[in-house]
Amino acid sequence: MKKALSILWILILALALVACSSGTTASPSPSDEATPSASTSPSDEPTPSDEPSPTEKLSVSAGFLKGPTGIGASYLMEQADAGNTLLDYTFTVESDPSIVTSSIISGDLDIAAVPTNVASVLYNKTEGAVKIVAVNTLSVLYILENGNSVQSVADLAGKTIYAMGQAANPEYVLNYILRQNGLEPGEDVTVEYMDAGELATKMTAGDIDIAMLPVPMSTTVLVKNADVRVALDIGDEWEAVTGGNTLAQGCIVVRADIDNVDEVVADFLADYETSMAFMMDEATIDEAAALAAQYEIVPSEAIAKAALPDSGLIFIAGADNIKNSISGYFDVLFTADPKSLGGAIPDDAFYFDS
């Protein structure tokens, strides 16, 4: 009996040892426990920033013409490329004004640089959907002479002027200046119209003596032919016969139905004014000329540098200021041909109230 009990106790102890052994292997040892990874370490967890996240820039598509109305945007384009502007820009640069005007009508462009009379046409054609926000270019027309006989408008009597812009602003402006000086076009003065490129080529070659051309074409002629000089500044002659009114030829328009239009216009004008100031500053003329050539607004850096002082660059914003700068010009154009303004002088709603 005692032997049997001894064997039983031995079996019970053996079973207890087995049970203890099983429990020990089931419990993880300290060395086997998972340790926090670097990505989950409390010290590496993201903490809320003390500063607000930057506001996303509004996007805008802007179109500019090669030549004076586009030159002022050269620095803007460089700053946009560097990410230093208030708006996120997509730029288009064209040599044909009709492409820019059709794009602003279709909505492919939000903002565009156009001749001031074209701005009026757009306003009338779109029933007020396109408005003017700034004037950026004064007169860029010059009468060049291969010689030295023309010192005043009166000296044009009996001569032939070769000009560009028939049935457009240049013709209306020239005719008005001639008539205000007592010269009737076609009677006292002969005016022959031709393509601007052809005219510049002929003037450079010395094939014609007197021509009316805009910057930078006039600049190109002056650079290439040392015998040609500026005989008359059309802007100065305009002021003389209009009692000091400026000849505002270029401007910026915006589609008034774009999203966040007030904010877009305010930011654009801030960006653009900075650009215009840089492009007009004599101290930065070398850099400005390089940018105008880089963005293909002017054919070459040398031409750009020579053209900048005569490009009529100006920055006029504010509804009343803009209206005062162009109303006299519009009166003359409407008298010459109402179609040049789209059939009517625009009302006050034409001027964007920024």
Side-chain angles (χ1 to χ4, degrees), residues 67-68 97 115-118 120-121 137-222 228-250 310 312 326-345:
T116 48
N117 76 299
V118 172
S120 175
V121 172
T137 314
L138 298 181
S139 174
V140 293
L141 290 170
Y142 295 88
I143 289 183
L144 307 181
E145 183 187 16
N146 190 350
N148 199 40
S149 65
V150 177
Q151 305 297 326
S152 68
V153 176
D155 294 333
L156 293 171
K159 293 182 169 58
T160 298
I161 304 171
Y162 292 87
M164 39 69 65
Q166 186 174 24
N169 290 9
E171 179 182 4
Y172 305 141
V173 169
L174 177 59
N175 287 349
Y176 185 79
I177 290 173
L178 291 174
R179 287 174 177 140
Q180 291 300 307
N181 280 274
L183 302 176
E184 182 60 31
E187 296 179 9
D188 302 308
V189 182
T190 300
V191 184
E192 298 286 346
Y193 289 93
M194 64 176 63
D195 174 76
E198 180 185 3
L199 178 54
T201 299
K202 288 183 176 294
M203 192 70 185
T204 300
D207 294 339
I208 56 180
D209 294 329
I210 301 173
M212 185 176 74
L213 281 167
V215 172
M217 286 185 177
S218 59
T219 312
T220 302
V221 173
L222 292 167
V228 176
R229 67 180 186 90
V230 174
L232 299 172
D233 180 334
I234 293 297
D236 290 344
E237 299 303 329
W238 176 269
E239 290 187 13
V241 298
T242 60
N245 288 340
T246 57
L247 181 54
Q249 291 191 277
D310 299 320
I326 63 176
S327 57
Y329 181 38
F330 279 4
D331 288 341
V332 171
L333 293 181
F334 185 77
T335 299
D337 185 356
K339 290 186 295 184
S340 67
L341 295 176
I345 294 176

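- Closest heavy-atom contact between A211 and M203: CB-SD, 3.7 Å.
- At distances below 3.5 Å, at least one donor-acceptor pair connects side-chain atoms of R229 with backbone N or O atoms of G147.
- The distance from the CG atom of N181 to the CD atom of E237 is 6.5 Å, given to the nearest 0.5 Å.
- Annotation: salt bridge (charged side-chain N to carboxylate O under 4.0 Å, His left out) contacts of E184 (sequence neighbours excluded): R179.
- Here the OG atom belonging to S139 is positioned 8.0 Å from the CG atom belonging to D236, to the nearest 0.5 angstrom.
- No side-chain donor-acceptor contact under 3.5 Å links Q151 to the backbone of D155.
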Using the rule given for side-chain contact (heavy atoms from CB on, under 4.5 Å), can you reason through V230 versus L144, listing the C-alpha separation, both sets of side-chain angles and the distance that settles it, and then say yes or no? CA-CA 5 Å; V230 174; L144 307 181; 3.9 Å; yes
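- Residues S149 and K159 form a side-chain contact, since some pair of their non-hydrogen atoms from C-beta on lies under 4.5 Å apart.
- Taking each heavy atom of P185 and L178 in turn, the nearest pair found is CG-CD1, 4.0 Å.
- Annotation: the span from I177 atom CD1 to T242 atom OG1 amounts to 8.5 Å, rounded to 0.5 Å.
- In terms of heavy-atom proximity, G67 sits nearest to P216 at CA-CD, 4.0 Å.
- Separating the CD1 atom in I210 from the CG atom in L156 is a distance of 6.0 Å, to the nearest 0.5 Å.
- Side chains of I208 and L199 form a contact here, defined as non-hydrogen atoms less than 4.5 Å apart.
- The main-chain N or O of G235 is found under 3.5 Å from a side-chain atom of D233 such that the two form a donor-acceptor pair.
- Sorted by first and then second residue, the pairs that involve residues 150-196 and meet ring pair (Phe, Tyr, Trp, His ring centres under 6.0 Å), not counting sequence neighbours, are Y176-W238.
- Using a 4.5 Å cut-off on side-chain heavy atoms (C-beta onward), T204 and T220 make no contact.
- In terms of heavy-atom proximity, I326 sits nearest to A248 at CG2-CB, 3.4 Å.
- Smallest separation of non-hydrogen atoms from L213 and A200: CD1-CA, 3.9 Å.
- For the pairing with D209, the side chain to side chain contact (heavy atoms under 4.5 Å, CB included) check across I161, V228, T160, N146 returns one residue only, N146.
- Side-chain contact between M217 and M164 is absent, with no heavy-atom pair separated by less than 4.5 Å.
- The shortest heavy-atom contact between S218 and Y142 is OG-CD1, 4.1 Å.
- Rounding to the nearest 0.5 Å places OG1 of T335 at 9.5 Å from CG of L341.
- Put simply, the side chain of Y329 reaches to within 4.5 Å of the side chain of L247, judged on heavy atoms.
- Within the 4.5 Å cutoff, the side chain of L333 has no heavy atoms near those of the T116 side chain.
- Remark: I143 CD1 to L232 CG distance equals 5.0 Å, nearest 0.5 Å.
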